Amino acid sequence: MPQEIRVRIAPSPSGNLHIGTARTALFNYLFAKKHHGKFILRIEDTDMERSDNEYIKNIFDSLKALGLAWDEGPDVGGEYGPYSQSERFDIYPKYAQILIEKGYAYECFCTPEELDAERIFSQEKKIAHVYSGKCKNLTENEKEELRKQGIKPAIRFAVEAKNLIFDDLVKGELKFDTSLIGDFVIMKSNGSPTYNFAVVVDDILMKISHILRGEDHISNTPKQILIYEALGANIPEFGHLGMILAPDRSKLSKRHGATGVSEFVEKGYLIDALVNFVALLGWSPSDGVEIKTVDEIAQDFRIREVSSSNSIFEYDKLNWMNAQYIKKLSTEELKQKLLPFLGQYDLSELSENKFTRMVEVTREPLVILSDITDAVSYFFGESVEIEPEVQSEVLDKDVSQVVLKEVQELAKNWNFDDEDALHHTLEELRTSLKERSIKPKETMWAIRAAVTGRVKGADICAVLAILGKEKVLKRLNG
RNA sequence: GCUCCCAUCGUCUAGAGGCCUAGGACACUUCCCUUUCACGGAGGCGACGGGGAUUCGAAUUCCCCUGGGAGUACCA
């Protein structure tokens, strides 16, 4: 690869940063990193009606959170700006004009009605719809006449019929018959460029060397290559990634849960886990070790080895990976990340030390951060809600009643400030009750059920110590 | 309809003619550990969509079918 490697991600701010866009961004970033190139962010906000500043901010924030720092972009600037398409409006007509002068484009005065009629006609004949090209050979006089009628022309690219072949970085050789494309519009009659034209002009001007994007763009590629050729520009390398599909093999949409990166974060997914997971959709590590940092992945990344098929977004593995990343967090880091999910509790009930201890003993089964909300509920409040099954399966049993009666008295003298001591105390309790043929398990369950209202949860000694004598006694008697 | 892309366990994938009685990860499952849940450890279940062709030999190459996906706009 001779020239400088320059890749870009060009999201359109019509929604929060989509997980699919995030993956495309990641692969571009990985490719740039691997080849010591530049990663560029360009905002395609041409469609003013659907663009929103709030989404631009979301895209910035999400990309940053993902750790995908861009070298050039709307906020940081760069040599080839501006990087917001809305600020580049005046540069497109110029290039359209050049194409007209060189005979690669022409003005089209067809009305939407005429165009619709053509389309319906081809549909009925069951052939590929191709614009007839009837405006291609309009004389100057005819054009002048049309203009006088007040018709504003669009500009169409005159497509030459030929076989177009290119070597896709992930799909391999791709072939197209351009006669099936038809002369397409590059400038709308309102003066704004169409997507296919704007991207090419921007990519040429920004010296983009490699275009890695979703395979939904494959059919745009021949049109774009034609424009590159007509403009006499270097044609970049293309690589089309498979799509990310929902488990039902349809397009991933809100119906399937979160689609935006920020939504995953709000649900309690760790951004590192998300990136790692998404990298594994299409890419696989050469050493078989799946948990890796972005830098490690970049070292090992080879675009030509990326899978060319679509992949399905399954939560099972994401969940597993998220749990792995949670395990790697220090308790201090975890405490900070957990805070947003503990809003409904009065944290002042707990000292800093007890709060830390609580996190330590409840973190093990966490899959997503928001799991903490439920996992920790019995630590707060004076009384505790007893689950119905716990009541009938445990508390109502005679053994439990015996145990609790015993404990209610004994606990008054327990040392709740020392977890180790508590541990010994309970061990003694188990052995002594065992002599009265009460199983250790039954002893522990009875206490756990009465104090937490559940049959599962954190180490019971830690729970008792964190709750403290007052709350425990109250619950034992409640 | 037309054009294009894709096709290995349920899912993500390894595999680029013999190393494959197809490997790994997640999920599922059995057992162990254990005061519960979980974690962890040791096993198990489980796939080359179908049919031709090339070859001594095909998951790997070619063709057809089937299935899935995408595009088909003066949207991006």
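Bear in mind that the values here come from a model prediction, so they are computed numbers and not experimental data. Residue numbers start from 1 in every chain, and the chains themselves are labelled A, B, ... in the order their sequence lines are given, proteins ahead of strands.
- Annotation: A47(B) and A27(B) have their C1' atoms spaced 15 Å apart (nearest Å).
- At a threshold of 4.0 angstrom between heavy atoms, the contacts of Glu44(A) are confined to the sugar-phosphate backbone, with no base atom among them.
- Within 4.0 Å of Cys110(A), counting heavy atoms only, lies at least one base atom of the nucleic acid.
- In this structure, the ring of Phe313(A) has its center less than 6.0 angstrom from the ring center of Tyr315(A).
- G52(B) and A58(B) have their C1' atoms separated by 14 Å, with the value rounded to a whole Å.
- Checking each of Arg213(A), Glu215(A), His217(A) against His240(A) for a side chain to side chain donor-acceptor pair (under 3.5 Å) leaves exactly one that passes, namely Arg213(A).
- Look at U72(B): its Watson-Crick or wobble partner, with both distances under 3.5 angstrom, is G1(B).
- A centroid separation of 6.0 Å or more is found between the aromatic rings of Phe277(A) and Trp320(A).
- When the C1' atom is compared between C75(B) and G10(B), the two are found 36 Å apart, to the nearest whole Å.
- The minimum heavy-atom distance between Tyr131(A) and Cys108(A), with the atom names listed, is OH-SG, 3.4 Å.
- A14(B) and U61(B) are spaced 14 Å apart, taking the P atom of each and rounding to whole Å.
- Tested against Asn16(A), the residues Asn58(A), Thr259(A), Thr21(A) include a single side chain to side chain donor-acceptor pair (under 3.5 Å) partner, Asn58(A).
- The two residues Gly133(A) and Asp183(A) have their closest heavy-atom pair at CA-OD2, 4.2 Å.
- Look at the P atom in both G57(B) and C64(B): the space between them is 23 Å, to the nearest Å.
- The gap from the C1' atom of U30(B) to that of U13(B) amounts to 26 Å, rounded to the nearest Å.
- When both distances must be under 3.5 Å, the Watson-Crick or G-U wobble mate of C26(B) is G10(B).
- Using a 30° and 60° split on the angle between ring planes, Tyr269(A) and Phe264(A) fall in the perpendicular class, above 60°.
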Would Gln85(A) and Asp45(A) count as a side chain to side chain donor-acceptor pair (under 3.5 Å) here? Give the steps.
CA-CA 6 Å; Gln85(A) 221 164 44; Asp45(A) 52 356; over 6 Å; no
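- When both distances must be under 3.5 Å, the Watson-Crick or G-U wobble mate of C48(B) does not exist.
- Looking at heavy-atom distances under 4.0 Å, Asp177(A) makes no contact with the nucleic acid at all.
- Checking A38(B) for Watson-Crick or G-U wobble geometry (two distances, each under 3.5 Å) identifies no partner in any strand.
- Counting non-hydrogen atoms under 4.0 angstrom, Leu180(A) reaches the backbone sugars and phosphates but no base.
- The stretch residues 184-194 of chain A touches RNA chain B through Val185(A), Lys188(A), Ser189(A), Thr194(A), each having a heavy atom within less than 4.0 Å of the strand.
- Residue Arg119(A) is classed as a sugar-phosphate contact, given heavy-atom separations below 4.0 Å to backbone atoms only.
- Listed by first and then second residue, the side-chain hydrogen bond (donor to acceptor under 3.5 Å, both in side chains) pairs involving residues 386-407 of chain A are Glu406(A)-Arg436(A) (not counting sequence neighbours).
- For the contact set between residues 237-252 of chain A and RNA chain B, defined by any heavy atom under 4.0 Å, the members are Arg249(A).
- The residue among Glu290(A) and Leu281(A) whose nearest nucleotide of RNA chain B lies closer to the 5′ end is Leu281(A).
- The outermost nucleotides of RNA chain B lying under 4.0 Å from heavy atoms of chain A, listed 5' to 3', are G1(B) to A76(B).
- Across all strands, Leu115(A) comes closer than 4.0 Å to base atoms (heavy-atom distances).
- Across every strand in view, U61(B) sits in a pair with A53(B) that passes the Watson-Crick or G-U test at under 3.5 angstrom.
- Remark: the separation of the C1' atoms in C5(B) and C9(B) is 24 Å, to the nearest Å.
- Across all strands, Asn220(A) comes closer than 4.0 Å to base atoms (heavy-atom distances).
- Every residue two or more places apart in sequence or in another chain that forms a side-chain contact (heavy atoms from CB on, under 4.5 Å) with Arg249(A) is listed here: Ile312(A).
- Taking atom P in both G18(B) and C2(B), the straight-line distance is 39 Å, to the nearest Å.
- Using modelled atom types, one finds a donor on one side chain and an acceptor on the other under 3.5 Å when comparing Asp177(A) with Ser179(A).
- For Phe176(A) and His129(A), each mapped to the nucleotide of RNA chain B holding its nearest heavy atom, the one lying further toward the 5' end belongs to Phe176(A).
- Taking the six-membered ring for Trp and the full ring otherwise, the centers of Phe197(A) and Phe184(A) sit at least 6.0 Å from each other.
- Scored by the side-chain contact (heavy atoms from CB on, under 4.5 Å) test, Thr331(A) finds Lys335(A), Thr356(A), Val359(A), Glu360(A), Arg363(A) as partners (sequence neighbours excluded).
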